[in-house]
Amino acid sequence: MQTLFIRGPSATVRMTVLVIASIVLMTVDHRWQSLELVRSTISGVLYPLQYSIDLPIRLFYWADETFSTQKTLLEKNREYEARHLENRVQLQKLEIIEKENDRLRRLLSATPKTTERLLIAEIINVDVDPYRQLILLNKGSSSDVYKGQPIIDAQGIMGQVIHVGPMSSTAILITDASHAIPVHVDRTGLRANAFGTGKIDQLDLRHLPHNADIQVGDMLISSGLGGTFPPNYPVAIITQVERPDGEPFAAIAAKPLAQLDKSREVLLVWHNRPEEKPEQSTDDRDDDETDAVTDTGDNSPDENPVTTDLENPSTPLRDNNE
Amino acid sequence: MNKTLRVALMTIIGALMLAIMPLPDWAIEFRPDWVTLVLIYWAMALPSSIGVTMAWFAGLLLDVSYGSLMGQHAIGMVLVIYIILLQHQRLRVASLLQQAIVIFFLLFIKQLIELWVDGMLGRAPHSWFYFMQTITSTLLWPWTYLILRDLRRKFGISKHYQY
């Protein structure tokens, strides 16, 4: 019984201290984002847990691959080869357009485009906060992932990294309610910000006036303003334009092009970083053309962590030196 | 003492795994607050070894794995466990139904605190299903209680205070 009297005040004191500590932590975390080290350490501890939860799903995929018949594998292989050929043909055209673009840029003495490096990361299948659009990736600071790094998939921009752990990182999707991405309309060059709505299939363009030249079906591509996202990647397609009377702004909704809820693998993009801008990559484009072509040809999809120099995104290139 | 802590930690880690286990989309909002339920049980059964400090660290782990603000889950957990510690002797002799009612209100307050923080950050969820978590947790309390009690008895962890 006596223990009660010893414990009473002690628990109260501890509770008070911890509540104050929590409030301080929350404030520091929100205002200055200076707790990344603590967060990173804890997420290193949590990684085995997350990995072991993901393991059964990983095993399922592995078993699916291992026990599939030779016939299905052959079929798949044939399909991929056909698609590969198709893509290469299109890439050839892009190469030429890019060379031309580059020459024109140099004539205008505009800044040369930067090279980009890609790395495939897998999404670890664990649930995070159900009311936010976050995903967990299996690459962390050991693979040079940095905070604010953009992630894309084959269709378009997915989001950016917000927390980096030693072996894993957390990324926020462009549809999260607290996220916005600077875009422009491909057809007209009109600049806007695409805000996340918290719904996985909708982005909102706010603060565009009624007379903005925008229509359903317009493609939104990243403008690269702000420096977080690389320019000229597809982001979304306009699905709805309303111009309600009495409202100062038009109500415009767009659908993200990236497979935000279906992808199992994403690409981490390094762009515009000082150490990622080697001189020879621009030289490459200057003289020998064959090198560049074989470079992209080497890009086989089965190498798992593929790091490759990618000079241009797979979008229709446009000249936007404004 | 050592064994006590080990068993309790294992169950808390188990709860943490359940908390991030992928669920189908329709079930996500119904996911019970496993970590708090397990902590409540241990705070009731062994108030001398599982207290507010443990709750705080468990909350921080949850914050990191959910990607929320550091301290957002921790603060609610500390408050819930503190109230349980104050009332643990009354709660122990209460029936499972009465315990569940108390836990319903505690978890509701905890969710309100989290909602309040989210609201201050401008990302409060616009759905009444947000509070489903409290309801499913309450419904699962008797089951959690019985399982953990059997576990505790199996490992022969006594209720007596050991210093």
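The chains referred to below are lettered A, B, ... by the order of the sequence lines, with proteins before strands, and numbering in each begins at 1.
Taking the side chain as every heavy atom from C-beta outward, B/Y82 and A/R14 never approach each other to under 4.5 Å. Proximity of B/D63 to A/L25: side-chain heavy atoms (C-beta onward) are nowhere separated by under 4.5 Å. You'll find the side chain of B/M21 stays beyond 4.5 Å of the side chain of A/D127, heavy atoms only. Proximity of B/L16 to A/L46: side-chain heavy atoms (C-beta onward) are separated by under 4.5 Å at one or more points.
B/R90 CZ: 12 or fewer foreign heavy atoms inside a 6.0 Å radius. Shown here is B/F131, whose CZ atom has more than 12 heavy atoms of other residues, nucleotides or ligands within 6.0 Å. Within 6.0 Å of CZ in B/F104 there are more than 12 heavy atoms belonging to other residues, nucleotides or ligands.
Counting heavy-atom pairs closer than 4.5 Å to chain B, the top-ranked of the candidates A/V24, A/V126, A/D29 is A/D29. If you tally non-hydrogen atom pairs under 4.5 Å between each of B/V78, B/L69, B/V52 and chain A, the highest count goes to B/L69. When each of A/D129, A/V17, A/L134, A/I162 is scored by its heavy-atom pairs under 4.5 Å with chain B, the top score falls to A/D129. The choice from B/L60, B/I75, B/V117 that makes the most heavy-atom pairs within less than 4.5 Å of chain A is B/I75. Among the candidates B/S65, B/A55, B/A74, the residue making the largest number of heavy-atom pairs closer than 4.5 Å to chain A is B/S65. Between chain B and the options A/D261, A/I42, A/V45, A/D54, the largest number of non-hydrogen pairs under 4.5 Å is found for A/I42. Counting heavy-atom pairs closer than 4.5 Å to chain B, the top residue among A/G198, A/A177, A/S22 is A/S22.
For the pair A/N125 (side chain) and B/P22 (backbone), a donor-acceptor distance under 3.5 Å is absent. A distance-only check finds a donor-acceptor pair linking the side chain of A/R132 to the backbone of B/G67 [under 3.5 Å].
In plain terms, the two heavy atoms of A/R39 and B/S68 that are nearest each other are NH2-O, 2.9 Å. Between A/M15 and B/L79 the shortest heavy-atom distance is SD-CD2, 3.7 Å. Minimum interatomic distance between B/Y130 and A/Y131 (heavy atoms only, all atoms of both residues): CA-OH, 3.1 Å.
Here CE of A/M26 is found 11.0 Å from NE2 of B/H73. Values are rounded to the nearest 0.5 Å.
A/I57 touches chain B through its side chain: at least one heavy atom from C-beta onward sits under 4.5 Å away, while N, CA, C and O do not. Neither the backbone nor the side chain of B/D25 comes within contact range of chain A; no heavy atom of the residue lies under 4.5 Å from a heavy atom of that chain. A/H30 touches chain B through backbone and side chain together, each having a heavy atom under 4.5 Å away.
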